[in-house]
**Student:** 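Before I ask anything, here is the structure I am working with.
Heavy atoms only: backbone and side chains are in, while hydrogens, waters and symmetry mates are out. Source: prediction; values computed, not measured. Proteins come first, then strands; the chains are lettered A, B, ... in the order of their sequence lines, and each starts at number 1.
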Amino acid sequence: MSSALSLAWRTLVRRPRRLALFVAGVMVAAATLIDMVMLSEGLQQSLAGILESTGYQVRATPRGLLPFESASGIPHSLALAEAFRADPRVEEAQPIWGVTVYVSSGAHAGPDRGRPLATFGLGVPAGAAPILRIREGRPAQPGEVLLNPALAEALEAQTGDTIWLGLAPDPATGGTRRRRVMRVVGIAQFVFSAEGAFNLAAPLEDLWSMAGASLQPAALILVRIAGDADAYDVARDFRARTMNADIYAIPELIEAAGDRLTYFKQLSLVLGTVSLAVAFLLVATLMTLSVNERWSEIAALRAIGVTRRRMLIQVAWSGLIIVGAGTISGLGVGLIVARYLDSILTRFPGLPLEVSFFVLRPGDAGLAVALLMATGLVGGLYPAWRAANVNIAGALRESI
Amino acid sequence: MKMKPVVVEARDLERTYRRDSVSVPAVRGVSLSVREGDYIAVLGLSGSGKSTLLNLLGGIDLPTAGSVHLLGQDTRRLSDRDLTRTRLEHVGFVFQRFHLLPALSAQENVELPMAELGAGRRERTARARELLEYVGLAQRIEHRPGELSGGEMQRVAIARALANRPALVLADEPTGELDVHTGGEIAQLFRKLNADGTTLVVVTHDPALAQPPAAVWEMRDGTIRPRSGE
Ligand SMILES: Nc1ncnc2c1ncn2[C@@H]1O[C@H](COP(=O)(O)OP(=O)(O)OP(=O)(O)O)[C@@H](O)[C@H]1O
Ligand SMILES: [Mg+2]
């Protein structure tokens, strides 16, 4: 009980309900602040995470289009990929294409029975698996496919089964037109896949020939840069001499995405500031109430011999205790709320499964905690200053 | 007979309160000395300046003119920090309204001034128990002020005032909130304190506190003189 901290604590807990209400108020403000901090850069961070996790540093996309926006894509993609590979700074270049295909399972539906499922078919170089996370099995060779878990489940298909692929449903037969039999060689998740979407991955040539795409189109070409070569340089050089593709280094894309997401940052900044202001007002209110209520007690303590400095510290501690308790609980609540909001927002159609709107970086969390603590200190400062400078005789007199 | 040393001395003391254009002279030209072992009871009508004088003597208020020398130090020349330290070490206060900390037990209230002075836990605990026993509250050391009667709270406050072995104990109407019987017990406790060597200045309307051995001084309109016949 010698310490100002424990005296502050014991004074606060004398009014447990009031303390609980104020701590709950600060908790809500802290949770909001944490969520705003997570939201401000969350989407950009998470997009960056996905783009970087593919292990490629340069990306070519059809001029003026997003990847997979149109089936026409970058024409003659094999030639462009070859040109990339010919550059000594490039380790690897993988064209990728996408087209809607219809699938029915052998076991379940038979070639002409059952309803074919519309899926997004991803064409990748045979034997490679860029932007795929293989859960089971191996990359597809000609005549083989990988299914994503949702599709495998819907088809009741397993590795080793055969399925029927077609380019369009055929109402006459209930099957598909231009169909082909292919073998399932594994289960893989497409990193940009949306929640619940059906995806499969097959060799480019198989999909091209099935679709009659004679120009070897690609929705994107991913390029891995060798050793210490500079991705920006490679992207700039190829950009200058390629007519029908946009070629950028991944960090450039992340930056550009960040520019388009600034309004998340502005929203977060405004709401974060509001929540700090609320925390400030809560602390200042409770401290003022408490100091007023203890006015004669404070005067008596000063009379007995408690210095101004100790008085100031003791009251300031009360503010920090409230904010500290509110911040700790607010962190937990903020994380839970962020997860819940994320689950709602990421259900937005077409968003990649792995994207998040709320991402907590340790530095940001530290910043939020520091801001809240500073707010607690500042909110308690004026009441603490008043307590320290109480007119002792006057306050003792008023108490009678 | 050799005179005992002076604990606090007032010289030509003035304290004027100013509010807007009105100035109220609460203490006017008071000179007095309180010596070690004295027991002074200050009587006087309401508004005669008793509390103001007591606050000046204890260094929780400063004179507008004249001086208070508390243990040889001019209160007006000390920094707030040093004056606070002087009060902590050498002056014990007993208030009409007790002013105990409601969050702390009787024992912790008594320990508080010792803790401020930096005394160790063991020493504090032992002395607090001893003092509570001295004021007759050995059984209630764990109790909070809210669980004590007025008389008991005032006993705790007296124990707290004695915690740092003060050279001077100042009490402003210490029986003002108590019934006659309980007030009588507190008055008896003050006589015991004085008999054991504590120097006391007590402001009161209560005749019980003005009984011998108390020397009675009377305040009137901010001035003070010994009661006639003494
Ligand atoms: N802070 C103040 N501002 C203005 N006037 C004051 C203040 N404090 C005391 N006074 C005035 O000073 C005079 C003396 O007050 P003081 O409290 O010392 O009297 P008292 O003898 O203690 O009275 P009581 O017996 O009622 O406690 C009164 O007229 C009072 O109104
Ligand atoms: Mg008075």
Side-chain angles (χ1 to χ4, degrees), chain A residues 1-20 286-287 289-315 317-318 321-322 384-400, chain B residues 15 17 26 51-52 54-56 58-62 79-105 107-109 111-121 124-125 144-146 157 160-161 163-164 166 170 172-173 176-177:
Chain A
M1 78 116 239
S2 63
S3 79
L5 172 60
S6 98
L7 193 54
W9 168 249
R10 294 180 61 176
T11 304
L12 281 173
V13 297
R14 280 198 68 231
R15 306 218 180 281
R17 273 170 290 265
R18 185 166 84 182
L19 177 64
L286 181 56
M287 293 295 86
L289 277 178
S290 157
V291 164
N292 286 348
E293 181 177 274
R294 296 176 60 215
W295 199 235
S296 58
E297 180 186 315
I298 287 165
L301 282 171
R302 290 278 294 116
I304 286 169
V306 175
T307 58
R308 283 194 171 133
R309 192 166 153 269
R310 296 258 306 165
M311 205 67 240
L312 187 95
I313 291 170
Q314 198 221 308
V315 176
W317 265 123
S318 323
I321 289 172
I322 295 162
W385 181 87
R386 278 183 62 221
N389 290 287
V390 61
N391 173 348
I392 304 172
L396 286 173
R397 173 177 197 83
E398 278 164 30
S399 78
I400 297 178
Chain B
R15 178 65 168 100
Y17 294 106
S51 296
T52 305
L54 201 74
N55 291 341
L56 292 168
I60 60 178
D61 194 5
L62 295 174
S79 66
D80 183 79
R81 194 155 155 266
D82 291 339
L83 189 55
T84 304
R85 181 79 182 186
T86 301
R87 291 196 302 268
L88 179 65
E89 281 187 68
H90 303 298
V91 185
F93 287 93
V94 178
F95 308 101
Q96 179 173 348
R97 289 266 172 114
F98 327 127
H99 292 311
L100 298 172
L101 292 205
L104 304 184
S105 70
Q107 163 153 351
E108 289 165 330
N109 266 289
E111 283 185 36
L112 190 127
M114 300 186 248
E116 282 301 312
L117 206 54
R121 177 173 288 276
R124 280 182 347 229
T125 313
R144 302 235 177 145
R160 178 178 66 180
N164 288 331
L170 302 174
D172 194 348
E173 312 219 7
E177 298 273 307

**Student:** Excluding sequence neighbours, so at least two apart, what forms salt bridge (charged side-chain N to carboxylate O under 4.0 Å, His left out) with A:Arg309?
**Tutor:** none

**Student:** Quick one: what part of A:Leu12 sits under 4.5 Å from any heavy atom of chain B, side chain, backbone, both or neither?
**Tutor:** neither

**Student:** Go through the atoms of B:Pro102 and report whether side chain, backbone, both or neither lie under 4.5 Å from a heavy atom of chain A.
**Tutor:** both

**Student:** Among residues at least two apart in sequence or on other chains, which ones pass salt bridge (charged side-chain N to carboxylate O under 4.0 Å, His left out) with A:Arg302?
**Tutor:** B:Asp80

**Student:** Looking at A:Thr11, A:Ile392, A:Ile304, which one has more heavy-atom pairs under 4.5 Å with chain B than the rest?
**Tutor:** A:Ile304

**Student:** Check this for me: does any side-chain nitrogen of one of A:Glu293 and A:Arg14 sit under 4.0 Å from a carboxylate oxygen of the other?
**Tutor:** no

**Student:** Would you say B:Arg124's side chain and B:Ala115's backbone share a donor-acceptor pair under 3.5 angstrom?
**Tutor:** no

**Student:** Under 4.5 Å, counting heavy-atom pairs only, tell me which of B:Asp61, B:Leu88, B:Leu83 racks up the most with chain A.
**Tutor:** B:Leu88

